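Heads up: the structure comes next, in structure tokens.
So that the names make sense, note that chain A is the first sequence line, chain B the second, and so on, each numbered from 1. Here the structure is a predicted model, which is why all the values come from computation and not from measurement.
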2 protein chains.
Amino acid sequence: MKLDLRNAFPNFEIKLIENLEDKAEIKIFEPGEVLMKTGQYFKSILLIVDGLIKVYREDEEGQEYFIYYLQPGQACALSMMSASKQEKSEVLGKVVNKTTVIAIPLEYMDQWMHDYKSWYNFVLETYRKRFEELLITLDHTAFRNMDEKLILYLKREQLIHRTSILTINNTEVAQELNSSREVISRLMKKLAERGMIKQLKNQLIEIINLEY
Amino acid sequence: MKLDLRNAFPNFEIKLIENLEDKAEIKIFEPGEVLMKTGQYFKSILLIVDGLIKVYREDEEGQEYFIYYLQPGQACALSMMSASKQEKSEVLGKVVNKTTVIAIPLEYMDQWMHDYKSWYNFVLETYRKRFEELLITLDHTAFRNMDEKLILYLKREQLIHRTSILTINNTEVAQELNSSREVISRLMKKLAERGMIKQLKNQLIEIINLEY
DNA sequence: ATGAGATGGTGATTTAAATCACGGTCTTCA
DNA sequence: TGAAGACCGTGATTTAAATCACCATCTCAT
């Protein structure tokens with residue numbers, strides 16, 4: 001099977017792409033599957049070629065708090081950080097859309113950092129991006145009330161799915177925001193009253209305008 | 001002035017230490033001073049040789065939410081990540097104890113990654129450590145009630161200062177936990193009732209046992 | 001078509017936390 | 001020494017959110 005790595009990772013050098021095609025194992029995941037589990041050892045670095053991954057932080061009771069998305073051209077930062085030692089995953093990664101990842105044996109991490117400038121830049125950029133996303137998530141969590149968190153959540157969804165019609169399951173949103181279904185239900189109603197969203201049939205909502 | 005860099009960074013190669021002594025600018029900060037401001041451009045990578053730094057995330061109203069400490073032998077991860085582009089600081093760093101830092105011009109970052117294995121390891125380890133600390137902070141923020149947050153806060157303080165007698169200012173704790181003085185005051189009283197702490201004179205408390 | 005299971009809406013109640021209001025106790029320094 | 005300023009404690013009230021209770025839909029497989 002031939003992958004279009006150039007498309008997903010346009011900044012990679014030709015040599016690196018060739019090396020990737022040679023060394024990397026291709027894995028396909030279906031929606032709902034788990035890409036990485038909390039506590040699981042990383043055996044390889046994971047690069048997302050296609051699809052969409054949702055990353056969560058879990059607490060002891062199994063509550064799954066949403067932290068960020070991973071998209072094509074991105075990588076699981078934690079799998080990279082574990083390169084040297086045998087480290088466990090600190091997060092849970094669930095497949096949203098059918099996803100193609102390439103898994104690179106950990107030992108190439110350091111070697112390629114040395115050999116390919118584009119890999120070096122990619123790794124540092126990955127760290128920076130994930131760190132910043134985490135800071136933003138922390139902001140939302142620490143400084144915002146639930147109504148604002150919900151609005152920010154909807155904005156993220158709209159942005160990531162590039163559509164103003166979202167399939168939203170209140171129960172799931174509640175879990176991901178560490179709230180409860182009833183609260184989300186009432187807040188959704190308020191957003192609709194404020195004209196920010198329109199509640200359609202089923203589990204569909206239309207985003208009208210999420211700016212206050 | 002001669003710095004004991006070997007002591008603060010025991011894993012650095014001799015050559016790297018020599019290079020550091022040559023290239024780095026030494027800066028001394030007094031308690032209360034600001035090491036890095038949110039929005040400020042990084043001109044250099046900051047390594048902590050001695051002292052203690054408290055790092056905060058700020059919201060628009062200037063609320064300062066505590067995220068983690070930086071200690072000798074550690075570095076400001078964000079200053080490293082900004083190495084390539086001109087990036088602004090996302091956090092606020094305040095000096096707790098008189099602190100000595102060495103400031104390294106950004107251009108050496110990439111060069112040394114190439115030249116010194118110990119620098120490479122240090123940078124990756126810094127990223128990993130900060131990322132993990134941020135995840136832990138997020139846990140506390142997302143999953144814990146204020147009483148638990150306070151207990152975790154006190155544990156961190158005890159650990160970092162290596163003493164069971166803490167100088168605690170309720171007003172400040174409230175700000176750092178994004179709560180209010182009154183709430184902290186009442187929770188402290190409860191912790192004292194449960195025998196977990198003892199409230200001494202002034203702003204002193206003694207940690208007895210913070211495990212439930 | 002119907003009953004099970006998943007989802008959603010909503011009133012009532014409880015709880016955690018924030019806020020208000022006020023008075024007390026230190027420290028300090030002119 | 002005594003007034004200002006920085007803390008702290010605590011009752012009362014309000015607010016945001018969680019929880020409880022219950023019923024309404026919707027989906028889907030038999």
Report summary line: Taking D:dA18, C:dG9, D:dC26 as options, the one with an atom nearest any side-chain atom of A:S179 is D:dA18

Query - Spacing between B:L150 atom CG and C:dA16 atom P, to the nearest angstrom - result: 15 Å

Query raised in the report: Taking N and O atoms by type only, does the side chain of B:E182 place a donor or acceptor under 3.5 Å from a partner on the base of C:dC20?
Result: yes

Query raised in the report: Is there a donor-acceptor pair closer than 3.5 Å between any side-chain N or O of B:S164 and the backbone N or O of B:E206?
Result: no

Query raised in the report: What does B:I184 touch in the nucleic acid at a heavy-atom separation under 4.0 angstrom: a base, only the sugar-phosphate, or nothing?
Result: nothing

Query - Whole-Å gap separating P (D:dC7) and CD (B:Q199) - result: 17 Å

Report task. Rounded off to whole Å, could you give me the CG-to-P distance for the A:L200 and D:dT25 pair? Result -> 19 Å

**Report entry** d(CE, A:M146; P, C:dT15) in whole Å
**Finding:** 19 Å

**Report entry** Gap separating the CG atom of B:L150 from the CG atom of B:D147, nearest 0.5 angstrom
**Finding:** 8.0 Å

Query raised in the report: Just by modelled atom types, is the B:K129 backbone N or O under 3.5 Å from a matching donor or acceptor in the B:E132 side chain?
Result: no

Report task. Could you tell me whether A:T171 contacts a base, only the sugar-phosphate backbone, or nothing, with contacts defined as non-hydrogen atoms closer than 4.0 Å? Result -> sugar-phosphate

Report summary line: From the candidates D:dC7, C:dG9, D:dT10, the one with an atom nearest any side-chain atom of B:Q203 is D:dC7

Report task. Could you tell me whether B:K189 contacts a base, only the sugar-phosphate backbone, or nothing, with contacts defined as non-hydrogen atoms closer than 4.0 Å? Result -> sugar-phosphate

Query raised in the report: Between A:N202 and C:dG8, is there a side-chain N or O to OP1/OP2 distance below 4.0 Å?
Result: no

Query - Rounded distance (Å) that lies between atom C1' of C:dA17 and atom CZ of B:R144 - result: 18 Å

Report task. Using whole Å, report how far CE of B:M188 lies from P of D:dC7. Result -> 14 Å

Report task. Give the rounded distance in Å between these two atoms: CG of B:L204 and C1' of D:dC7. Result -> 13 Å

Query raised in the report: Counting only side-chain N and O atoms of A:N169, is one of them less than 4.0 Å from OP1 or OP2 of C:dG8?
Result: yes

Query raised in the report: How is A:I168 classified with respect to the nucleic acid when contacts are heavy atoms under 4.0 Å: base, sugar-phosphate, or nothing?
Result: sugar-phosphate

Report task. Specify the separation, in whole Å, of atom NZ of A:K201 and atom P of C:dG9. Result -> 12 Å

Query raised in the report: If you pin B:R186 and B:N170 to their nearest nucleotides in DNA chain D, which one's is more 5'?
Result: B:N170

Query raised in the report: Looking only at N and O atoms, is any donor in the side chain of B:R181 or the base of D:dG9 less than 3.5 Å from an acceptor on the other one?
Result: yes

Query - Gap between atom NZ of A:K94 and atom OH of A:Y56 - 0.5 Å precision - result: 5.0 Å

Query - Donor-acceptor under 3.5 Å (A:S185 side chain, A:R181 main chain) - result: no

Report task. Among D:dT19, D:dC7, C:dA17, find the nucleotide with the atom closest to the side chain of A:V183. Result -> D:dT19

